[in-house]
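Here is the structure we will look at.
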Amino acid sequence: MTLDDSGPTVPDDAVASLLRDLTDIRETMPRCGTCGNFTAVVARVRDDLEGVATPAAGAAREQLGIWLAEAEGRVKTTNHCEVCVPSGPYERFAAALARAREGRGPA
């Protein structure tokens with residue numbers, strides 16, 4: 001994936017992996033799907049993908065936007081879980097994005 005015209009690249013599989021993981025969490029753990037932490041991760045990912053000009057990023061932004069629209073207006077609270085399941089996939093994606101911005105490529 002590329003970010004604007006600046007050239008840093010992150011493999012599209014980082015985007016696909018993140019979207020797949022978040023989809024799995026949302027579909028198999030209804031408690032996560034209605035949690036404010038999950039919604040915050042979804043919003044952060046969508047923001048991180050702004051300016052990324054690839055079909056994978058565009059499709060992810062669209063799907064994440066749908067999830068955010070579905071959550072809008074609902075009471076958003078945290079479930080206070082000991083371990084936040086959506087944070088793991090996001091942390092892996094954020095690390096790949098940081099490496100791309102530093103010009104190091106995928107790890």
Side-chain angles (χ1 to χ4, degrees):
M1 117 172 77
T2 60
L3 298 173
D4 296 328
D5 296 330
S6 58
T9 56
V10 171
D12 274 341
D13 63 344
V15 175
S17 176
L18 175 63
L19 187 59
R20 184 176 50 252
D21 289 346
L22 292 177
T23 298
D24 288 347
I25 290 166
R26 189 172 186 268
E27 291 177 356
T28 62
M29 301 177 77
R31 181 178 174 161
C32 280
T34 59
C35 177
N37 288 339
F38 181 83
T39 304
V41 167
V42 169
R44 177 72 189 263
V45 171
R46 198 176 98 201
D47 289 348
D48 286 349
L49 291 174
E50 285 301 317
V52 177
T54 67
R61 277 191 309 271
E62 183 176 334
Q63 182 60 58
L64 298 172
I66 290 168
W67 292 350
L68 290 171
E70 289 173 355
E72 195 169 322
R74 287 198 263 162
V75 175
K76 297 175 186 160
T77 90
T78 179
N79 292 322
H80 303 289
C81 299
E82 189 171 322
V83 174
C84 184
V85 176
S87 66
Y90 177 73
E91 288 170 6
R92 290 188 293 275
F93 170 75
L97 188 60
R99 285 190 301 275
R101 288 184 173 146
E102 293 171 2
R104 294 186 310 188

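Remark: D48 CG to L64 CG distance equals 10.5 Å, nearest 0.5 Å. For the atom pair C81 SG and M29 CE, the distance stands at 7.0 Å (nearest 0.5 Å). A distance of 8.0 Å separates CG of L97 from CG of L49, quoted to the nearest 0.5 Å. Here the CD-OG1 distance, from E72 to T39, works out to 11.0 Å after rounding to the nearest 0.5 Å.
Residues that satisfy the side chain to side chain contact (heavy atoms under 4.5 Å, CB included) test with Q63, not counting sequence neighbours, are L19, I66, W67.
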Using side-chain contact (heavy atoms from CB on, under 4.5 Å), reason through F38 and V85 one step at a time and then give a plain yes or no.
CA-CA 8 Å; F38 181 83; V85 176; over 6 Å; no
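D21 and Y90 share no donor-acceptor pair across their side chains, judged by distance under 3.5 Å alone.
Scanning both residues, L68 and A43, for their nearest heavy atoms gives CD1-CA, 3.9 Å. Scanning all heavy atoms of the two residues, the minimum distance from N37 to C84 falls at CB-SG, 3.9 Å.
One N or O on the side chain of R61 and one on the backbone of V52 form a donor-acceptor pair closer than 3.5 Å. In this structure a side-chain-to-backbone donor-acceptor pair under 3.5 Å is missing from S17 to A14.
Exactly one residue among I25, V41, N79 makes a side-chain contact (heavy atoms from CB on, under 4.5 Å) with C32. That residue is I25.
Note on residues 22-32: pairs passing salt bridge (Lys or Arg N to Asp or Glu O under 4.0 Å), not counting sequence neighbours, are R26-E70.
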